[in-house]
Amino acid sequence: MTTPVLVAVAWPYASGSRHIGHLAGAYLPSDIFARQQRIIGNEVLMVSGSDVHGTPITVRADAEGVTPQDIVDRYHSEFLQQWDQLGISWDLYTTTGTSNHSEVTQQMFLSQLDKGHIDRRKSEQLFDEEAKRFLPDRYVEGTCPHCGSQDARGDQCDQCGKTYDAIELLDPRSKMSSSTPVLQETEHFYFRYSDFNQPLGSFLEAKQGWRNHVINFAMGWLREEGLLDRAITRDLDWGIKLPVDDLGEGKRIYVWYDAVIGYLSASKEWAESRGDPDRWKHWWHNPQARHVYFIGKDNIPFHVLFWPAQLMAVGKDIGGEELHLPDDVPANQYVTFKGGKASASRGVGMTIEEGLKRFQPDSLRYALAANFPEQADTEISIEEIARRVNDELVANWGNLVNRVISMTHKTCGGAVAKPGTYSEEDVSLLEFVDRSLEESAGLFESVELRSALRKGMEAAQAANRYLNATEPWKLSKTDPERAKTVLYVALSAINGIRVMLSPFLPFSSEKLNEFLGEPEGWQRIQLPVGLPIPKPEPLFEKVEI
RNA sequence: GGCGGCGUAGCUCAGUAGGUAAGAGCGCUCGACUCAUAAUCGAGAGGUCGACAGUUCAAAUCUGUCCGCCGCUACCA
């Protein structure tokens, strides 16, 4: 039975280059999971896109003297190119800048407004008169009201660690113009997240098998003070227009309300583009569907609390049925470099571009997958990646394929030879491979990708061990028939292992598919006798650093 | 400050409901092999499981305190 699986992937912010941490946190795990789900026959819809709204983009645009759209275009095209190079298999990678996304966002907004889950409130905010802009906390600095530190950030003091509201800052300064911001009243729409504390509690309590840090974090948040209502509009001219004009000009829907809506709007866009506009309902109006969200841990509140609340709040207003809530949110923790969180802006770690410059895509994918921060923050470095590539990927899997193909040419004339009767060790190896396939399938279900990868590598190791034990290079002289059987078994093992590794290593797997054929399900299939095997060619290059 | 997490072999990490003498991969040492990108295979060395105290017949696993590190703390998303 096939299951419709929505693979929902965090929307990268088109405000700058993304780094290896983002890759290991969301984009790679989602792709690996999606590829495996496709092989086992599930109906995968994998969507994401560039998040084009938000203050950092407008600030950057101002700083460079270009338009926000220029910034968005620059990074969106950079992302597209990198996804292509990395083999990220989106069904749709779009942006939040489409008219479709605006429409869906406005539709949700109106529904929630109509149901009373959105209301209007006035507040006083810091306003930069020079830049003519209301200032998010992050763009204000000043003197800490607690410890007197001179350069405290707008929402938290790095010196004493205390948090506060930006309007409490003594001697506030705008980071945009260095002028002194003034308090100005403004009115905004608020989403009444507090309406959903109870339903969210029930929703989360019913969840089984979620990662500890995800469920702990969400439950903790609810238990502490529950969700507070949050303003979902801003005084901006960059963002989705409001579908009502109650607040006058100069207001836009704010990014963190609309970005998560991208999962739904992208699903609709995908359905529209394939000429089947209602197809999205197969995932969103289907209780049998499975929605898996791939995000970094910084995104947990948005996907485990805010987004489900927003979905609940529309009821049956979109498409006539309730919208499917998240089934699993296997958020990854952080990849760290020299103990610190990766950050492109602070120059910690490596951008995706640098990673691709140094390593082949499959090599980078392997090394990161082997180090996915699924349980805890995981330390990584260029040396670690190179080590994983040279001492594991090349030495174990790459070498296995190479040595077997090479021997197939020397003793079987470059084609799969007819095997004789299997010995005990032959059967035992193939059973090991088949068992590994089963076990890795289970690990994929629980999104334990690191362990799933290990299963494949263990099988490759078993095959290497088998070769050392059977010594087909000697048999070819003493017992050619037996040598052919051994090589048949070894090729059969490879035929199973490559299925297991293919979600992780799409490019090199494609090379194997060229002669072994596309995987037919999550299993090892019978190798046809006489199948031509191409000349050996290393699957992966060793890297030097 | 509050909340969450982490601290296990040289490195990167697993350790499921406390219970056989603490695991894996890589590295290292020794040995085997030579088909293979000096790759592979075997054996071995290596840890008072951050510290201290407690619960228990029994704790890396539970409790408390402490030390160190990281993240979040709602206007970064």
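This is a predicted model, so every value here is computed, not measured. A note on names: the letters A, B, ... follow the listed sequences, proteins ahead of strands, and every chain is numbered from 1.
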Looking for any heavy atom pair under 4.0 Å, which part of the strands does [X] touch: base, sugar-phosphate only, or nothing?
X: A:T378; result: sugar-phosphate
X: A:L135; result: base
X: A:L400; result: nothing
X: A:P472; result: nothing
X: A:G226; result: base
X: A:F302; result: base
X: A:F540; result: base
X: A:E458; result: nothing
X: A:W221; result: base
X: A:I405; result: nothing

- Given A:H76 and A:T95, is the side-chain hydrogen bond (donor to acceptor under 3.5 Å, both in side chains) satisfied, shown in steps? CA-CA 8 Å; A:H76 180 62; A:T95 82; 5.8 Å; no
- Query: Any side-chain donor paired with an acceptor under 3.5 Å for A:D258 and A:H53?
  - Reply: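 No, no side-chain donor-acceptor pair sits under 3.5 Å.
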How far, in whole Å, is [M] from [N] if one measures between their [atom1] atoms?
N: B:rG2; M: B:rA74; atom1: C1'; answer: 14 Å
N: B:rC52; M: B:rU40; atom1: C1'; answer: 47 Å
N: B:rC3; M: B:rU65; atom1: P; answer: 11 Å
N: B:rG18; M: B:rA60; atom1: P; answer: 13 Å
N: B:rG47; M: B:rG10; atom1: P; answer: 7 Å
N: B:rA9; M: B:rC70; atom1: C1'; answer: 23 Å
N: B:rC35; M: B:rA17; atom1: C1'; answer: 48 Å
N: B:rA39; M: B:rU20; atom1: P; answer: 38 Å

- Message: With nearest nucleotide decided by heavy atoms, which residue, A:A460 or A:R450, maps closer to the 5′ end of RNA chain B?
- Response: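 Nearest nucleotide further toward 5': that of A:R450.
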- Does A:Y190 or A:N390 map to a spot on RNA chain B nearer the 5' end, using the closest nucleotide for each? A:N390
- Taking atom P of B:rG4 as reference, at what distance in whole Å does atom CG of A:D298 sit? 19 Å
- Length of the CD-P vector between A:E374 and B:rG71, whole Å: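 From A:E374 CD to B:rG71 P: 21 Å.
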- Are the aromatic rings of A:Y190 and A:F109 close, with centres under 6.0 Å apart? no
- Query: How about A:H117 and A:F189: are their ring centres within less than 6.0 Å of each other?
  - Reply: no
- CZ on A:R454 to CD on A:E448, rounded to 0.5 Å: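 The CZ atom of A:R454 is 14.5 Å from CD of A:E448, to the nearest 0.5 Å.
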Presence of [X] side-chain N/O under 4.0 Å of [N] phosphate oxygens OP1/OP2:
X: A:K542; N: B:rA38; value: no
X: A:N216; N: B:rG5; value: yes
X: A:R454; N: B:rG25; value: no
X: A:K297; N: B:rG5; value: no

- Query: Could A:R234 and A:Y254 be counted as a cation-pi pair, given that NZ or CZ must be under 6.0 Å from the ring centre and within 45° of the axis?
  - Reply: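 Yes; both conditions hold, so A:R234 lies above the ring face of A:Y254.
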